[in-house]
Structures are given as C-alpha cells and as structure tokens.
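Here is the structure we will look at.
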Amino acid sequence: MSLKIYNTFSRKKEPFEPLNPPEVGMYVCGITAYDLCHIGHARCYTAFDAIYRYLVFKGFKVKYVRNFTDLDDKIIQRANEKGVDIKTLADQNIEAFYEDMDTLGLVRPDVEPRVTEHMQDIIDVVRRIIDNGYGYVKNGNVYFNVQAYDGYLQLSGRKLDDMVAGARVEVNEEKEHPLDFALWKAAKPGEPSWDSPWGKGRPGWHIECTVMSTKYLGHRFDIHGGGADLIFPHHENERAQSYAAFGTDFVKYWMHNGFVTVSEEKMSKSLHNFLTIKDVTAMYFPEALKYLLLSMGYRKPINYSEEAMARAEDRIEYFYESIAAAREYIDRRGGTVDPKVVQQSMDRLVDYMDDDFNTAGVLGGLNTDVKALNEALSIKGKAPAKADRIASLLQAIERQGAVLGLFTSDPQSVLDGIRKRRIAALGVTEDEIEQAIEARKAARKDRDFERADAIRNELAAKGIVMMDTPQGTIWKARRLGVNDE
RNA sequence: GGCGGCAUAGCCAAGAGGUAAGGCAGCGGUCUGCAAAAUCGCGAUUCUCCGGUUCGAAUCCGGAUGCCGCCUCCA
C-alpha cells in the first residue's frame, strides 16, 4: 500500500503523489503571537509533527514551513493594553511558543517566516492581484473581489448566495460584495503601518500565508495544513488570492486537524474554556499530552479531560518502565535482535500511517508490542529465546516510537518527571515517603505485619503505593479522584 | 437557513466489502507474609435505527434519529 491523504478539497482520501518527488513542500499555519498557546495548538502542531516525521521516514525530502503572524488586530489591541509595542509582545509569545514546542519535543520547521519581515513581498503580491483584475482600491484599502474568481468557496463547499443569506456578514459600504475581504488595510491613527502604493497601511489577515507559503515553496506546493476552523474563511481566501496572483491552484493536498474539546465543546478563546500548554504540562508529564493527542486520528475531535490525561500519563509511565526494564535486562544478559520481529512491527506501522496518518492504530500496535515485551520479561529463568525476544521487541518499540516522536527520552528522567508532578498534586513529599518506608521496613523486620500494613495503607490513602521487590521497597504515586467517574 | 463531520462493549478507541486491534475499568489465576506492580485467562453472534445492493456489509447506497463543528476572531 502507498500513502493516502484525506484531502479537504475533494473530501476523499487520495493517493499521495508529490509535485516533484522526492521533494515535498508542506506549509502549516502558525500562531498569531498575541497570547500563550493552548492545547488546540498543541494538537495541530503535534499532528503535523508526526506527519512530517513520517514523510521523512518514507524517504521524502520535506521542506516544512510554518509562519508566525506577528501583526494583526489582536496583537495591536493586546500590545496597547499592555503598553508595549507589537514587536515586544510578539517576541515574548514566540519565545513562549518555542518553549512549548520544545517541551512537547516537536521538530522545528525549516522556515519560520514572520509577516513583518515580508512587507515588500506582500505588497508585490497585492499589486499583482490588482493588476490581474481581482482586487480594487477604496480609500487606501485594497479588497479582493470574490465575484471575479469563479473558484471561490470550492474548498469549503459553499455558495456565495447562501453565505450572504446566512447573514452575520459585516456591513461595509466600501465593499462591492459583502464577502470581499481586505488584502491591505489603510492605516488607522496610532496603529503600526508600512508604506505602500496605496498609502500607509498593513496587510489583511489572509495575504501573509499566500505570500510566505509561495515564496518558500513555489507557486504550487504539496501540503497545506491547519485547524479545521481555518477552512473558511482563511484557507478559502488564501486559495483565491493565490489563484489571482499566480494563476494556479497553489495547494495540492489540504489537510485539516480536528478540534480539542472540553466537555464536548470546542476549546476556544472566545468560550474561555481553554487550557494552555503550560497549564497542562505543569500538571502532567508533557509526553502524556502528546500521547493523548496522537491516540486519535488527527481529523477526529479529542475530548480533553483530567481523566484522559491521567490515563495517557499512565501509559507513558508503563512504556518507559518497560523500556527501562528491557534495557537493564539486555545490559546484563545480551540478546540478539531478530530483524523479522522488528520488520513485522514496522510493516504494521506503515500500513496504519499510509492510511491518512493513522497514529491511533500505530499506538494500538505499540501497546501490543510493549505487552509482549513485558510478557517476555516476566518469563522465569533464562529461556534461550528470551533475551533475543526482548532485544527484538525493544528495538521494534523504539523504532516505531521514533517515527511518532514518542518514547525517545531517557526513561529515568521521564519517570522522575511523572513522579514529581504526581506527588506535588498529592501534596506529599519524598522525605515523608522515605520515612514511612523506613518505618515499615523496621516493622517488617520484626514481622509486625499489622503495623507494616497500617503504614502502607496510610500512604495508599494519600495516593502513594508501596511495592516490595527483591531489591527492596519502591513506591509509585497515583492520581487520585480521576477514575471514579 | 446553508454546508460539513461523527455514531463500534460500562468508558476511550482502531477497523472503510470477507466474518470485530488496542487501552481503561471489572472478574478469576500466577507472583507476594498480605498487597502492589507485572503477567495469564474471561468481554460485542455484533457495530444508533429502518430499508436496499451483494454469496457476504460495522464497512457501499437511500432514509430516520442523535451529537459536534463551520458559515464572526479561532489550531
């Protein structure tokens, strides 16, 4: 099987045939840098990170471009509220964005263009659109004439008349058609502005992506992605602008990720029901968020809940514990990798990923493998094939994980990170736990099991589980109150 | 009002014409002083409902119902 991608434009899965193989151009709409990122952003960039990694794994030479919108109404407004200039605000939020992306272990795109650094390019494209008869100037504003492009609304599958009838279109006397949108906005007093042939002003919202995507990827490129809420009007308008400027349908495959919901409602700034990436990764180990986001197909909605996060974190813990145990075993006993075992898992991964990047299926397979790994680990004695089986499954897990950007960290530091977050949430200190373990050890030595059990129960009530092993007593922290629902 | 998507066990979720992955929870066994962790075994004659196509449908077609989203800034 070969790679198929669901194309929003055709609403079908299509065979992936890049314009210039093995090169692939991929543009993903980036952030508007006026605030911290929420986990909806995390979903989008995690999904396209996995897509990027898989395309690279398949042997494509991917050029990945993701923009920063560092100039728009919201940035200007927020900067005014805070009494800083827009560059300061944008820089702060871009820095915070990088922290978030690094926390989640997402790769940096090859090019990350900013709007304010592409003014001349934007002006040039707006001029082309006017020259080609798709734009008009009114009082220093430049508008796109949607009636001039008969392909308008093809991406979102709507009709011009229905859109107008659907109301809620802003009234603007300057526009020839209510759906005409601004390519260039005349400067208002107190707003940052740039010189242009139409007077001082700044770009409209959609033009930046048209300009920066085509500048770095050519007038026609392979993949354009973003959240499903961008289909209309953002991507629809980009498409119209590109056609107007360059006479081509600029994107071959339109890809849109589904939303993150909270209590089944879309997470959005206007509903004030969003959590930032920083909120979530402070509470839960960051890779758990990544696991949760990849545990469903990228087009389906994901409902965020504490319970879902706790379960994802449990899975991360389980994987890393298993990986650590397997490595420890192999360090002691050796073990030869059977390429067939690894290949079988990788073939399964390819089958899933080729089917529109089914990361959920891959995770299912990974769970089967890690369970098999623990099964091998739990065999008593030294069955001859045991070490080889462990070595093979470990490699299968690590190689699959690498394709998704999962399970690539040092197990001990992950386990420590999970443990720290959990005891903080439980309000218990490590000293407290160590003291209890010592007290219980003494009781057990005296074979006072009643007292030993009482100590253990006391800690269990606080969410700390003690476990006796041949190497001594170890402990784990649980998340309380999330499995009761 | 227009357009799009989704509906699979108690819960989360793969599967896209050939007889239901995986995870959580639950029950029973191994292990253990007892536990925990880990592991083994057990769960849908059936995929919202009603028709149709087919030797065969969770998968295709038609219809119904319910939920979600877009049409305004939004990943």
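Every heavy atom of this structure was used, including side-chain atoms; hydrogens, water molecules and symmetry mates were not. Residue numbers begin at 1 in each chain, while the letters A, B, ... track the order of the sequences. These numbers were taken from a predicted model, which means no experiment stands behind them.
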Who does [N] pair with, Watson-Crick or G-U, both distances under 3.5 Å?
| N | result |
| --- | --- |
| A20(B) | none |
| U45(B) | none |
| U53(B) | none |
| U59(B) | none |
| C70(B) | G2(B) |

Which part of the nucleic acid, if any, lies within reach of Gly297(A) when heavy atoms closer than 4.0 Å are counted: base, sugar-phosphate only, or nothing? sugar-phosphate
Looking for any heavy atom pair under 4.0 Å, which part of the strands does Asp468(A) touch: base, sugar-phosphate only, or nothing? base
Closer than 4.0 Å, any side-chain N/O of [X] to the OP1 or OP2 of [N]?
| X | N | result |
| --- | --- | --- |
| Tyr318(A) | U39(B) | yes |
| Lys159(A) | C71(B) | no |
| Arg315(A) | C24(B) | yes |
| Lys266(A) | A75(B) | no |

Check for me whether the distance between the ring centres of Tyr304(A) and Phe259(A) falls short of 6.0 Å. no
Please find out if less than 6.0 Å separates the ring center of His224(A) from that of Tyr253(A). no
Could you give me the CA-CA distance, side-chain angles and deciding distance for Phe144(A) and His206(A), then say whether side chain to side chain contact (heavy atoms under 4.5 Å, CB included) is met? CA-CA 11 Å; Phe144(A) 188 91; His206(A) 318 290; over 6 Å; no
Atom-pair distance (CG on Leu230(A); C1' on C71(B)), nearest Å: 14 Å
Using whole Å, report how far CD of Gln344(A) lies from C1' of A21(B). 14 Å
Could you check Gly227(A) against Ser378(A) and say which one's nearest nucleotide on RNA chain B is further toward the 5' end? Ser378(A)
Return the 5'-most residue of the pair Gly157(A), Asn358(A) with respect to RNA chain B, ranking by each residue's nearest nucleotide. Gly157(A)
Among [options], the nucleotide that comes nearest once only the side chain of [X] is considered:
| X | options | value |
| --- | --- | --- |
| Arg11(A) | G5(B), C34(B), A13(B) | G5(B) |
| Arg444(A) | A36(B), C34(B), U39(B) | C34(B) |
| Arg311(A) | A21(B), C70(B), C11(B) | C11(B) |

Could you state the interatomic distance from CG (Asp369(A)) to CD (Gln395(A)), rounded to the nearest 0.5 Å? 12.0 Å
Within residues 392-400 of chain A, find the residues that approach RNA chain B with a heavy atom at under 4.0 Å, and present them sorted by residue number. none
Any N/O donor-acceptor pair, Arg299(A) side-chain to G5(B) base, under 3.5 Å: no
Check whether the side chains of Glu306(A) and Tyr284(A) place a donor and an acceptor atom closer than 3.5 Å, and report yes or no. yes
